[in-house]
Student: 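Right, I'll just put the structure down here and ask away after.
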2 protein chains.
Amino acid sequence: MSESTGSPGLRPTRQRLAVVETLDSAEGFHSAQEIHDLLGRRGEAVGLATVYRTLQRLADAGEIDMMRTEDGEAIYRRCSDSHHHHLVCRACGRTVEVEGPAVERWTRSIADRHGFADVSHTLEIFGTCADCR
Amino acid sequence: MSESTGSPGLRPTRQRLAVVETLDSAEGFHSAQEIHDLLGRRGEAVGLATVYRTLQRLADAGEIDMMRTEDGEAIYRRCSDSHHHHLVCRACGRTVEVEGPAVERWTRSIADRHGFADVSHTLEIFGTCADCR
DNA sequence: CCTCAGTTGACAATCGTTCTCAACTCGTCT
DNA sequence: AGACGAGTTGAGAACGATTGTCAACTGAGG
């Protein structure tokens, strides 16, 4: 019991480092399986189960973001990206990333008002883009 | 071609009615499997696949709300007719319906700015409610 | 060098969800 | 009434993401 740094025996193994690095060098969100593929392509073979385990731990530790796609798949990304939302075209799938301090503020105040703490949110906007109209 | 309501041949079968009724009489969010159970308990046996199909259609048609639990399961509930969003407690699942004209306006203007028409959106707010803290 | 907790990976197992397909329902036409 | 056919249904198989299992491995410390 000499541990105190909140990382009770978490070895920086080759596999873990590889996962983190891959995630770092990849833009945006990726599923566990994508990461697994990327690792393979990179020559850094890592077992699928290990990728899942590692991503979970990292997410639990708050070192990476985790969210769900429309169809329930878990996707991860390195955390430092700025928070933003998506404007998606229904027809062609084109996606624009948008930000809105107003929305951030609004969600926080709404949550406050109802006594909710530790607030996060998801927002997706759908529409038909100019080209598809 | 006397159809115009966007429902090209959607029969109100016993099964569909049963699903809708069950959802109506149940508070809050429920998974497809829960609905299937409830139906069984009610004596209105409906195949699991049918429950899934029906819930999907209803959700597509906007007649019910669909969201994902933390672990990727799809859950549904009847939604009141007015457009609103959800403030959900991560711990106990308690849900508050919230409205926000500001957000509605914001999404529309953002979409406009990018040339998107026919705009809709989804917004979910997560947090830890007062009781669960 | 030895030990042991932590870790790994191949593979099986789970579990929600979707697919397949033959049987069925029910308006509609004759 | 009977035939027709698009839409629907249900049982079970198939699927795909994720998690569990367990023997082999690794590495820091004694």
Side-chain angles (χ1 to χ4, degrees), chain A residues 1-23 29-61 63-64 66-77, chain B residues 1-3 5-23 29-61 63-64 66-77 93:
Chain A
M1 288 281 147
S2 59
E3 281 295 356
S4 63
T5 30
S7 302
L10 238 220
R11 291 187 200 157
T13 62
R14 175 183 73 75
Q15 290 87 340
R16 272 173 200 165
L17 293 174
V19 168
V20 173
E21 249 173 65
T22 302
L23 208 51
F29 282 102
H30 299 277
S31 69
Q33 318 234 12
E34 276 170 356
I35 298 293
H36 179 249
D37 274 4
L38 288 174
L39 282 165
R41 228 164 279 159
R42 251 168 155 239
E44 292 264 35
V46 176
L48 183 55
T50 302
V51 173
Y52 272 105
R53 280 186 294 235
T54 303
L55 289 173
Q56 260 164 6
R57 292 228 189 166
L58 290 172
D60 282 353
E63 308 216 359
I64 61 177
M66 185 267 244
M67 64 167 286
R68 297 263 170 199
T69 62
E70 192 76 1
D71 51 294
E73 201 180 359
I75 50 180
Y76 306 83
R77 74 166 175 196
Chain B
M1 284 298 136
S2 57
E3 280 294 356
T5 31
S7 303
L10 236 222
R11 292 186 199 157
T13 62
R14 174 182 73 75
Q15 291 87 339
R16 273 173 198 164
L17 293 174
V19 168
V20 172
E21 249 174 65
T22 301
L23 209 50
F29 281 103
H30 299 277
S31 69
Q33 319 232 12
E34 276 170 355
I35 298 294
H36 179 249
D37 274 4
L38 288 174
L39 282 164
R41 229 164 278 159
R42 253 169 153 236
E44 291 266 33
V46 175
L48 183 54
T50 302
V51 174
Y52 273 103
R53 280 186 294 236
T54 302
L55 288 172
Q56 260 164 6
R57 293 230 186 165
L58 290 172
D60 282 353
E63 308 217 358
I64 62 178
M66 186 269 242
M67 63 169 285
R68 297 262 170 199
T69 61
E70 194 73 2
D71 49 296
E73 201 181 358
I75 49 179
Y76 306 83
R77 75 161 175 195

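Only a predicted model underlies this, so the values are computations on that prediction, with no experimental measurement involved. All chains are named by letter (A, B, ...) in the order of the sequence lines, taking the proteins before the strands, and each is independently numbered beginning at 1.
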Student: Assess whether a salt bridge exists between B:Glu44 and B:Arg14, defined as any Lys/Arg side-chain N lying under 4.0 Å from an Asp/Glu carboxylate O.
Tutor: yes
Student: The side chain of A:Arg57 lies closest to which of these nucleotides: D:dG10, C:dT7, C:dG9?
Tutor: C:dT7
Student: Got a salt bridge between A:Glu21 and A:Arg42, using NZ or NE/NH1/NH2 to carboxylate O under 4.0 Å?
Tutor: yes
Student: Dump the pairs, protein N or O against N or O of nucleotides 14-18 of chain D, anything under 3.5 Å, distances to one decimal.
Tutor:
{"from": "D:dA17", "atom 1": "OP2", "to": "A:Gln33", "atom 2": "NE2", "distance (Å)": "3.4"}
{"from": "D:dA17", "atom 1": "O5'", "to": "A:Gln33", "atom 2": "NE2", "distance (Å)": "3.4"}
{"from": "D:dT18", "atom 1": "OP1", "to": "A:Ala74", "atom 2": "N", "distance (Å)": "2.8"}
{"from": "D:dT18", "atom 1": "OP2", "to": "A:Tyr52", "atom 2": "OH", "distance (Å)": "2.8"}

Student: By side-chain contact (heavy atoms from CB on, under 4.5 Å), which residues pair with B:Glu34, not counting sequence neighbours?
Tutor: B:His30, B:Ser31
Student: Can you tell me whether the side chain of B:Arg16 and the base of D:dG7 have a donor-acceptor pair closer than 3.5 Å?
Tutor: no
Student: Regarding A:Thr50, tell me which of base, sugar-phosphate or nothing describes its non-hydrogen contacts under 4.0 Å with the strands shown.
Tutor: base
Student: Measure from CG on A:Asp71 to C1' on C:dT18 and round the result to the nearest Å.
Tutor: 12 Å
Student: Rounded off to whole Å, could you give me the CZ-to-P distance for the A:Arg53 and C:dT8 pair?
Tutor: 7 Å
Student: Does a donor on one side chain and an acceptor on the other come within less than 3.5 Å for A:Thr54 and A:Arg57?
Tutor: no
Student: Can you check whether B:Arg14 has a side-chain N or O nearer than 4.0 Å to OP1 or OP2 of D:dG10?
Tutor: yes
Student: Determine: side-chain N/O of B:Thr13 to OP1/OP2 of C:dT25, distance under 4.0 Å, yes or no.
Tutor: no
